[in-house]
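Note that the coordinates shown come from a computational prediction; the quantities given were computed from them, not determined experimentally. Nothing fancy with the numbering, it's 1 onward along the sequence.
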Amino acid sequence: MMNFRAAGLTKTLLFSVLSIGFGSSFLYGFNIGVINTPQTVMGQWIRDIECRRTSIERSPRAATTTTTSIPVLHGNSTGNATAESANIWCRQLNEKQRQRMFKRNPKLNAIWTAVASVFCVGGLLGSLISNPIVRKFGRKGTLLLNNGTGIIAAILLATPYFLDSFELLMIGRFVAGLNGGITSAVAPLYMTEIPPMKLRGALGGFHQFFIVFAILIAQVLGHPALLGTPTRWPYLFGFGLIPCIFQLLTLPFCPESPKHLYLGRDKEAKAAKALKHLRGSQSFQTEMEEMRETKEDTQNDKRHYSILDLFRDPFFAAGHLHRYDHDRVGSRVGTWHRNLLLYLSIQICRNEQWNGRLRDHRNGSAVRGVDLHHCGVGGESRSTTSYADRTGRNVYLDRSFVGFYGFV
């Protein structure tokens, strides 16, 4: 069993990791999982909005421009289309029909698909713009600024119910994705740079742990017995304000990454001060010397690599091939599996072929299944870090892939 205190775990180090974990990683995971459970009640809310808009369009008062009203010619194609649209959106649905309303209504399905998937668009943009922001504001400063996008996203996601605007919900999901993209690029970087070598794997794994833990919390809070109701789901999305406020209150007391200060900004004195703050009474001169050697090697290496050089050089090409093999199996299988459970679990359990088997369980079965899945993933993400530290990352990944292929 590892002696964490002897390995370099201090109160400041643990405080910093928890501040980033709950303030950034947790919010990222929460925004991933929060959209799944209240899908039915939010779908009905979108139907109600479209019903009211359709009714206004059919009203002679809404059709009046100045003082002249446009007559509605009953029996023509326009009138039939309007009546059919009103029937799609305004017709009362029983419980069985609600389970299939996305399948029967293509526009509703398209709207919900946009609400769920625009998060990924924001995440892509956030990951692309994170590098210049980090260069200017640092790891800590970037995460502090990123709380602004988290707060804006929570407000945009909680207010559409009161403003009757699902378009605002899409904008909120995009901003939440922007927040998640920056978090996914910066939070694990900070978590792996501040611990000593012996704790780097264990504490660096907290990023993934907080993500899956937040997904679990989102599934639980989204249950119909709690916040997953037609009137309480806005408060479920407003829950995202709590991690942002927590980080704004705690992260200012955490030091900046010493590696960023020294290697990125050439501020040796500030890097030594931050490292002393993180290590406490323990000696940190060895780590300072390692950073000096790294900086000297970087300065002495005058070669400039282009993107093509990274594939032409045999050393880098072999590394890319090895990494591609890991990413192809680990990332695609793991991410695909997780996202399938998140975005499709409720929908799968509402499929016509499942209705008879799950009639007495409905959403609860899917939610409990996803909750158990993320309990397992969360425990796995913490238990494997010590094993990876003992065996090495490459050996650990290779053994896990052998086990995966053998199981398949």
Side-chain angles (χ1 to χ4, degrees), residues 22-49 93 95 98-99 101-102 108 111-112 115-116 118-119 147 149-177 179-180 210-247 338-339 341-350 358 361-375 378:
F22 184 71
S24 294
S25 306
F26 183 92
L27 180 61
Y28 176 39
F30 185 83
N31 285 327
I32 290 176
V34 71
I35 200 71
N36 184 37
T37 313
Q39 177 180 350
T40 300
V41 295
M42 294 182 70
Q44 183 58 47
W45 168 71
I46 295 174
R47 289 185 73 251
D48 293 340
I49 293 176
L93 303 179
E95 185 63 27
R98 287 182 181 180
Q99 309 305 324
M101 62 181 173
F102 292 96
L108 176 62
I111 293 173
W112 185 253
V115 169
V118 74
F119 178 86
N147 285 292
T149 61
I151 293 173
I152 293 174
I155 295 174
L156 290 175
L157 291 170
T159 53
Y161 174 80
F162 306 99
L163 300 177
D164 276 355
S165 173
F166 57 80
E167 294 86 358
L168 195 62
L169 185 69
M170 295 181 188
I171 298 174
R173 287 288 293 172
F174 174 81
V175 178
N179 174 273
F210 273 101
I211 289 176
V212 295
F213 178 67
I215 295 173
L216 170 64
I217 295 299
Q219 299 294 315
V220 173
L221 292 179
H223 193 276
L226 297 176
L227 298 179
T229 67
T231 57
R232 292 199 293 263
W233 66 261
Y235 304 102
L236 175 65
F237 286 91
F239 183 84
L241 287 171
I242 297 178
C244 296
I245 296 174
F246 172 81
Q247 189 170 84
R338 183 180 68 185
N339 291 342
L341 282 173
L342 283 175
Y343 296 120
L344 299 180
S345 58
I346 300 297
Q347 195 64 27
I348 290 174
C349 290
R350 290 173 183 157
L358 301 178
H361 303 285
R362 289 196 176 94
N363 297 1
S365 299
V367 172
R368 285 192 292 271
V370 175
D371 290 349
L372 291 174
H373 167 264
H374 287 105
C375 285

Cut-off 3.5 Å, no hydrogens considered: what does the side-chain donor-acceptor table look like for residues 149-161, sequence neighbours left out?
residue	atom	partner	partner atom	Å
Thr149	OG1	Asn146	O	2.6
Thr149	OG1	Asn146	OD1	2.8
Thr149	OG1	Asn179	ND2	3.0
Thr159	OG1	Ile155	O	2.8

Distance-only donor-acceptor hits, side chain of residues 234-241, under 3.5 Å, sequence neighbours excluded:
none

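Proximity of Ile49 to Ser165: side-chain heavy atoms (C-beta onward) are nowhere separated by under 4.5 Å. Counting only heavy atoms from C-beta outward, the side chains of Thr229 and Val41 never approach each other to under 4.5 Å. Side-chain contact between Trp112 and Phe166: absent, with no pair of heavy atoms (C-beta onward) separated by less than 4.5 Å. Taking the side chain as every heavy atom from C-beta outward, Phe30 and Leu216 never approach each other to under 4.5 Å.
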Task: Residue pair Trp45, Leu169: steps toward the side chain to side chain contact (heavy atoms under 4.5 Å, CB included) verdict - done: CA-CA 12 Å; Trp45 168 71; Leu169 185 69; 4.0 Å; yes

TODO: Evaluate the criterion side chain to side chain contact (heavy atoms under 4.5 Å, CB included) for residue pair Met170 and Ile111; output intermediate values, then yes/no.
DONE: CA-CA 9 Å; Met170 295 181 188; Ile111 293 173; 3.7 Å; yes

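Judged as a salt bridge (Lys or Arg N to Asp or Glu O under 4.0 Å), not a single pair has a partner in residues 211-239 (not counting sequence neighbours).
In this view, Asp164 and Arg52 satisfy the salt bridge (charged side-chain N to carboxylate O under 4.0 Å, His left out) rule, not counting sequence neighbours. Partners of Phe174 under the ring pair (Phe, Tyr, Trp, His ring centres under 6.0 Å) rule, at least two apart in sequence or in another chain, do not exist in this structure. Considering only residues two or more places apart in sequence or on other chains, Gln44 meets the side-chain contact (heavy atoms from CB on, under 4.5 Å) condition with Arg47, Asp48, Leu93, Arg98, Met101. The ring pair (Phe, Tyr, Trp, His ring centres under 6.0 Å) test applied to Phe246 returns Phe22, not counting sequence neighbours.
Using modelled atom types and a 3.5 Å distance limit, the side chains of Thr40 and Gln99 yield no donor-acceptor pair.
Distance alone, capped at 3.5 Å, is enough to place a donor-acceptor pair between the Arg173 side chain and the Asn31 backbone. Of the possible donor and acceptor atoms, one in the side chain of Gln219 sits under 3.5 Å from a partner among the backbone N and O of Gly33.
Ile211 approaches Ser25 most closely through the heavy-atom pair CG1-O, 3.6 Å.
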